[in-house]
Amino acid sequence: MHIDMDAFFAAVEQLDRPDLAGKPVIVGADPKSGRGVVSAANYEARKYGVHSALPITQAFARCPHGVFLRPRYSRYKEISDKVFEIFHSISSLVEPLSIDEAFIDLTGTGRLHGDPVELGRKTKRRILETTGLVASVGIAPNKFLAKIASDFGKPDGFVVVPEDGVQDFLDPLDIGRLWGVGPKTGKMLIDHGIRTVGDLSRMTVESAKKLLGDHGEGLWKLAHGIDSRPVSPGSGRKGISKETTFRVDVTDNNRKISTLRRLSDGLAARMRAKKTFGRTITVKIRYSGFITITRSDTLDMPIATSDDIFREAQRLARPELEGSIRLLGIRISNLTGEEGEQLPLFGREERNKTKNFERALDDIQKRFGKDAISRANSLEKDDIEDD
DNA sequence: TCTGGGGTCCTAGGACCC
DNA sequence: TCTGGGGTCCTAGGACCC
């Protein structure tokens, strides 16, 4: 079974503000900022051609009377936690796909919960009763089909694909609905006359491989409804990243550096919250022409403090910072350990000192808000602020 | 009114080890 | 004085997903 909340961010906003009922609600960047995209649009807004990932300025052009809201992730997480509690109460095999979406393996839940279809209906009802929000449900013999099914029924969907109805269900679907067929692959396939899942399923595996390389066999199998991947609760987070797109491209070097500082502060705060360290640091630079590069290094010792992250990020970014820059980002991966990770012996005291300083900073920001305190060298307000 | 921010996974090629 | 082959780790880029 696959469950997915409908227009999740927008639905939460409407839940919290009953005055928005019936209005087009668009959650995303500030339409006046000039940069950014739509994170979520409710179905009223979609009537005007507004959808996720649409540039916010275009969303405003299409739906100027819409209600434009900034995302409130912590609120969405609260609701998400409640929904996942329900998921875990029906099966121990829950695989989260995102904040509002999961696969749930119903194999063997029959004795406890009865027929899968009945269980699906009950789950949908419980989500509505507990959160006040509507979810779409897909029930099918495997993950791929279940996901397609829940998408297919949206909004307020409940779609069951029986074993013997798989090919009839798949054949008419656009090729882009296949998992792993994005804009690039989709265009290539359409250029070859393959528009629907049925078109791909009628090819031989060999020609699919010739066209799609190593992906070929997998996609061909999906087109036949074959998917043997298990529902797996996930192997934990692989990395943490923070990036920012400037409202206007930046040439001033001091601003580039102070932005790296601010990103480091933000990353370090999240690393502390998650009690994690990372050995690999990657900086991402996107220039004005949208050309994007990354530079990374894997260190001997895991790091977590803002000072360490900033120093390494600066070292990697420095040689590439020439010219006009649109985006800067930092990512930490190769994550190791919970608290208690062995810290380098040399400079341990210094590290503790900065850690204490940063903890205090967290504290103050928690109590008085983000704007209460900031490093003097990261007081830059004219790039796009997120969270 | 071009193209956010958070992620994952894959590939190719090089370094290095046995 | 002809360079094997498997394995692992690493970097850079790219496709994709929500």
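Residue numbering restarts at 1 for every chain, and letters A, B, ... go by the order of the sequence lines.
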_When you compare the side chains of A:T305 and A:D307, does any donor N or O come within less than 3.5 Å of an acceptor on the partner?_
no

*Would you classify A:T185 as touching base, sugar-phosphate or nothing, given that sugar-phosphate means primed atoms plus P, OP1 and OP2, and contacts are heavy atoms under 4.0 Å?*
sugar-phosphate

*Considering only the P atoms, how many Å lie between C:dC16 and B:dT1, rounded to the nearest integer?*
25 Å

*asked:* On DNA chain B, compare the nucleotides closest to A:R326 and A:S241; which residue's is nearer the 5' end?
replied: A:R326

*Selected nucleotide, minimal atom distance to A:T298 side chain, candidates C:dC10, B:dT1, B:dG4*: C:dC10

*With a 4.0 Å heavy-atom cut-off, tell me which residues in residues 282-290 of chain A come close to DNA chain B, sorted by residue number.*
A:R286, A:F290

*A:P55 has a side chain; which of B:dG7, C:dT11, B:dC2 sits nearest to it?*
B:dC2

*Tell me, what's DNA chain B's dot-bracket, Watson-Crick or G-U with both distances under 3.5 Å, | for other-strand, [ ] crossing?*
....||||||||||||||

_Return whichever of A:L327 or A:Q58 has its heavy-atom-nearest nucleotide of DNA chain B closer to the 5' end._
A:Q58

*For A:G329, answer base if it contacts any base atom (sugar-phosphate contacts may also be present), sugar-phosphate if it contacts only those atoms, and nothing otherwise; contact means non-hydrogen atoms under 4.0 Å.*
nothing

_Just the rounded figure in Å: distance from P of B:dT11 to NZ of A:K184._
18 Å

*Would you kindly confirm whether A:L69 and A:F60 end up in one hydrophobic cluster when ILVMFWY residues are joined by side chain heavy atoms under 4.5 Å apart?*
no

*Can you tell me if the side-chain N/O atoms of A:R237 get under 4.0 Å from OP1 or OP2 in B:dG6?*
no

*How is A:I293 classified with respect to the nucleic acid when contacts are heavy atoms under 4.0 Å: base, sugar-phosphate, or nothing?*
sugar-phosphate

_Plane angle bin for A:W220 and A:H224 - parallel if under 30°, tilted between 30 and 60°, otherwise perpendicular_ = tilted

*asked:* Give me the atom names and distance for the closest heavy-atom approach of A:L200 to A:L219.
replied: CD2-O, 3.7 Å

*On the 0 to 90° scale, with breaks at 30° and 60°, tag the A:Y73-A:Y76 ring pair as parallel, tilted or perpendicular.*
perpendicular

*When all nucleic acid strands are considered with a 4.0 Å heavy-atom cut-off, which category describes A:I56: base, sugar-phosphate, or nothing?*
nothing

*Pick the P atom in B:dC2 and in C:dC18, then give their distance to the nearest Å.*
27 Å

*Salt-bridged, A:D16 to A:R75, with N to O below 4.0 Å?*
yes

_Interatomic distance, A:D4 CG vs C:dC18 C1' [rounded to whole Å]_ = 9 Å

_Using a heavy-atom cut-off of 4.0 Å across all strands, would you classify A:G239 as base, sugar-phosphate, or nothing?_
sugar-phosphate

*Rounding to a whole Å, what distance do you find between A:F103:CZ and B:dT8:C1'?*
14 Å

_Can you tell whether the side chains of A:R331 and A:E243 come within less than 4.0 Å, N to carboxylate O?_
no

*Could you check which of B:dG6, B:dT1, C:dC18 has an atom nearest any side-chain atom of A:E101?*
C:dC18

*Taking only side-chain nitrogens and oxygens of A:R279, does any of them come within less than 4.0 Å of OP1 or OP2 of C:dC9?*
no

_Treating A:R195 as the side-chain partner and A:D174 as the backbone partner, does any N or O pair qualify as donor plus acceptor under 3.5 Å?_
no

*Could you tell me whether the phosphate oxygens of C:dA12, OP1 or OP2, come under 4.0 Å of any side-chain nitrogen or oxygen in A:T294?*
no

*Which nucleotide sits closest to the side chain of A:R270: B:dG7, B:dG5, C:dC10?*
B:dG7

*Please state how far atom CD1 in A:I291 lies from atom C1' in C:dG14, giving the value in whole angstrom units.*
13 Å

*B:dT3 C1' sits how many Å from A:D249 CG, rounded?*
12 Å

*Among the clusters formed by ILVMFWY side chains lying less than 4.5 Å apart, do A:F84 and A:V231 turn up in the same one?*
no

_Under 4.0 angstrom between A:T280 side-chain N/O and C:dC10 OP1 or OP2_ = no

_Base, sugar-phosphate or nothing for A:V181? Non-hydrogen atoms, less than 4.0 Å._
sugar-phosphate

*Touch check for A:R62, heavy atoms < 4.0 angstrom, all strands: base, sugar-phosphate only, or nothing?*
nothing

*Within the structure, does a side-chain N or O atom of A:K238 lie under 4.0 Å from either OP1 or OP2 of B:dG7?*
no

*Between C:dC17 atom P and A:H2 atom NE2, what is the distance in whole Å?*
13 Å

*Under a 4.5 Å cut-off applied to non-hydrogen side-chain atoms, are A:I332 and A:I281 in contact?*
yes

*Can you tell me how far C1' of C:dT11 sits from CG of A:L299, to the nearest Å?*
13 Å

*Reckon A:A53 touches a base, only the sugar-phosphate, or nothing at all at heavy-atom distances under 4.0 Å?*
base

*Atom pair distance, as rounded to whole Å: CG in A:L267 and C1' in B:dG6*: 11 Å

*Which distance, rounded to the nearest 0.5 Å, do you find between the CG of A:D115 and the CZ of A:R121?*
10.0 Å

_Whether A:K147 contacts C:dC18 is assessed here as follows: a side-chain N or O lying under 4.0 Å from the phosphate OP1 or OP2. Is that the case?_
yes

*OP1 or OP2 of B:dG5 less than 4.0 angstrom from a side-chain nitrogen or oxygen of A:R331, does that happen here?*
no

*Within less than 4.0 Å of OP1 or OP2 of C:dA12, is there a side-chain N or O belonging to A:S296?*
yes

*Return no unless some side-chain N or O of A:T57 is found under 4.0 Å from OP1 or OP2 of B:dC2.*
no

*Among the clusters formed by ILVMFWY side chains lying less than 4.5 Å apart, do A:F158 and A:I148 turn up in the same one?*
no

*Would you indicate what A:L178 reaches in the nucleic acid, counting non-hydrogen atoms under 4.0 angstrom: base, sugar-phosphate, or nothing?*
sugar-phosphate

